[in-house]
Each structure stands twice: as C-alpha cells, then as structure tokens.
**Q** 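Next up is a structure, given as structure tokens.
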Amino acid sequence: MILEMAITIHIPSPSPPSFSAPHASANLRRKQIYGGAAFPVKFPRRRPALRSLRPNCQLADQRVTPPAAITAKTSRISRPLLSVSETTSEAELWAAVCLRVRTFYDFKEPTFGIEDHKKYLVEREFEALKERVSGLRKGFRKVSCINATLPISLVLNISDELSASCKFSRNGADRVVVGTLDLNQCLSLPDEMIGMKPKGIGADFARAYISNVCVAEELQRNGLGYELIADAKRVAQEWGISDLYVHVAVDNEAAKKLYIKSGFTIESDEPAWQARFLDRPRRLLLWTALPIPYEL
C-alpha cells in the first residue's frame, strides 16, 4: 500500500531592500565634512619641517612647488617705488605671512574648503612669527621680519590676487608685501645644521641665520632677493653679528647663485641619512663674515 503525502513548501517572496534612516550615517558624514564640503577633501601632505625647493626659503611645516613648476614669466618693477625695511606693524607681519603661505604651499585650485585651510595656515604661522619677533620664543635672542613692499597701485597692474592677499597700510598708504625673509639671532635653527663660527663664549650673540626667504612669483628676477639679503646684512651688523648663515637645498641652483653672489660660501653639507630622516631634500649650510662696526 502506497501512501502519498502532499508536502507544501512555503517560499517567501523577496522583500525590498532596506535603507538606513538618514540620521544613521550622520557620524560618518560629519567626519567627511571639511570647510563645508560633504565629501572627503585631501590636501597635499605637508613636510615635517620648514623647507623650500625655491631660490628662497623655508617655512614651518611646508609643502612647496617643485622648481620645474615655476613660470618664467615675470613683471618688471619701478625701483624708486620699492621699499625694503623691517616690519613695523602686525598688519605688515600678517601680509608677509600671507605671501609665505601663498608662495611655499602648492594648492590645487579649485578645492572645496581650501580658503579655510589657507586661513588656518596663515593664522598658525602668524602667531609663531609674532612670538619670535616679540622675543618670547626660547632660543631666539632677536628676530626681525624684513619685507620688500610696493604701492598697491603698481601691483594691481600685475596681479589682483597678490594685491588682495598681501596688502597692508603704512602711513595711510596701501602697500603690498612682494618679498620677505627672517633674520634670526640664535645659536641654531630647529632641525637645521649648526654654524661653527664664531666659536667659544658669546657665539649666541654674534651668530645669526637667514630663513623664510621668498619673493612673489610674479615679481621674481627683479633682484628683490638681493635687496632682501643686503638689508638683512645691514640689520645683522647693527646687532653686532659677525657670522651670518643660510641653508639651501643642494639642487636649488637659483638659490645657491643668489647666496654665493651675495658673498656666502659653503661651510658644510648635510648627511644624506639626516635628509631622509627629516623627509626633505639634502641641504647645504652657507656662511659669510660681516664687518663689525666699532663705536669710538
């Protein structure tokens, strides 16, 4: 006898896919927002120390444009309108920092949130520079920010962006910082090779370093670098400095030419392992002697 049984198998119909409520990913979206952009924004990786591949400089925590990316097109300036002198106001100091950030960092325009990032960099460097100039930074006896400036009416004909970002007022007249550097009276700069002259007691009084040298890209090849170095030498002599130093990347031919023509000679060469450790191009330390004025 054969028994037949009917077996009913229930196969559920596929249900529509479920979606999380909008608030479920709020934390993830919040982590992705930078400067108002609701998706990841990546900025160029910054180097761990203030260095430059340009003819000019170093700046703290800096990413720079390779020399090959520098355009050869520049504008000529009127020399009688050029002023090279020490910074006399916070407004001028701010304008100098704006030029450094503009020159040293390689921003990929347009990028969402980039203006907020630029503002953060300027504020950070401004506070650090103001601390050094005011004599509050340990290890620095004196620091002076020396700027090359032009009337804004002249710079407007060259670059609206430069005029807007690096302007300040002096004696009621608007001017633009087009070149800048720091003169540091100290035994050494952070993460840099140390000069060997002078030796013995009092070296911290008679030794100084030039750093953060930069010139607006639109106005390079106008001799502004030489003007800045010459004024730095003048100020250093007033301080009683006998030995002046500057650091430069070994492959930065334009910078080496600037400093050697200004009277500097090579004193030492950075070891390759140290450059790799600091994640930067290998550097040279250049030196020049300064005559000491004696008061009778």
Side-chain angles (χ1 to χ4, degrees), residues 46-52 54 56-64 84-105 118-149 165-166 168 170 177-195 202-215 225 228-248 255 259 278 280 283 285-288 290:
R46 296 195 299 271
R47 294 188 180 273
L50 250 173
R51 315 291 171 250
S52 170
R54 291 207 170 185
N56 329 19
C57 285
Q58 325 170 308
L59 180 61
D61 216 11
Q62 214 58 347
R63 175 75 177 227
V64 299
V84 181
S85 60
E86 295 181 82
T87 301
T88 57
S89 68
E90 287 194 3
E92 184 177 352
L93 202 66
W94 178 273
V97 171
C98 289
L99 177 64
R100 296 176 187 189
V101 170
R102 181 182 187 269
T103 303
F104 294 144
Y105 282 83
K118 288 180 181 179
K119 183 179 179 181
Y120 159 74
L121 294 173
V122 171
E123 290 175 346
R124 184 186 63 178
E125 179 60 23
F126 173 73
E127 292 300 327
L129 180 56
K130 187 169 67 170
E131 182 184 36
R132 296 194 300 269
V133 170
S134 60
L136 300 178
R137 179 73 178 271
K138 185 177 180 180
F140 291 81
R141 297 189 62 86
K142 288 183 181 179
V143 176
S144 177
C145 176
I146 298 173
N147 296 327
T149 68
S165 61
C166 303
F168 70 101
R170 179 192 294 170
V177 175
V178 295
T180 180
L181 62 74
D182 290 339
L183 178 65
N184 310 272
Q185 185 182 21
C186 56
L187 278 173
S188 64
L189 294 177
D191 297 325
E192 292 287 8
M193 291 179 288
I194 302 175
D204 56 335
F205 289 92
R207 183 185 305 164
Y209 297 84
I210 292 174
S211 64
N212 297 336
V213 187
C214 72
V215 173
L228 289 165
I229 297 296
D231 204 63
K233 287 184 175 181
R234 177 190 63 79
V235 175
Q237 284 185 267
E238 293 177 357
W239 291 358
I241 300 298
S242 62
D243 297 272
L244 185 61
Y245 286 92
V246 66
H247 299 86
V248 63
Y259 298 132
L278 294 171
R280 70 183 186 196
R283 306 168 74 77
L285 178 62
L286 281 65
W287 161 86
T288 188
L290 298 178

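As the structure is a prediction and not an experimental result, all values here were calculated from the model.
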**Q** The criterion is salt bridge (Lys or Arg N to Asp or Glu O under 4.0 Å); which residues satisfy it with Arg170, sequence neighbours excluded?
**A** Glu92
**Q** Describe, in one word, how the ring planes of Trp94 and Phe126 are oriented to each other, choosing from parallel (under 30°), tilted (30 to 60°) and perpendicular (over 60°).
**A** perpendicular
**Q** Counting C-beta onward and ignoring hydrogens, is there a side-chain heavy-atom pair between Leu285 and Trp287 closer than 4.5 Å?
**A** no
**Q** Decide yes or no for Thr87 and Val177: does some side-chain heavy atom of the first lie under 4.5 Å from some side-chain heavy atom of the second?
**A** no
**Q** Search all heavy atoms of Ile210 against all heavy atoms of Asn184 and return the closest pair with its distance.
**A** C-ND2, 4.4 Å
**Q** Who passes ring-ring contact (aromatic ring centres under 6.0 Å, His included) against Phe140, sequence neighbours left out?
**A** none
**Q** State, to 0.1 Å, how close Leu129 and Asp182 come at their nearest heavy-atom pair, and which atoms those are.
**A** CD1-OD2, 3.6 Å
**Q** Judged by atom type as modelled, is there a donor-acceptor pair below 3.5 Å linking the side chain of Arg102 to the main-chain atoms of Ser165?
**A** no
**Q** Arg100 and Thr180: which non-hydrogen atoms are nearest, and at how many Å?
**A** NH2-OG1, 3.0 Å
**Q** Rounded at 0.5 Å granularity, tell me how far CD1 in Ile229 sits from CG in Leu181.
**A** 5.5 Å
**Q** Would Arg132 and Glu125 pass as an ion pair if we require N to O under 4.0 Å?
**A** yes
**Q** Considering only heavy atoms from C-beta outward, does the side chain of Tyr245 approach that of Met193 to under 4.5 Å?
**A** no
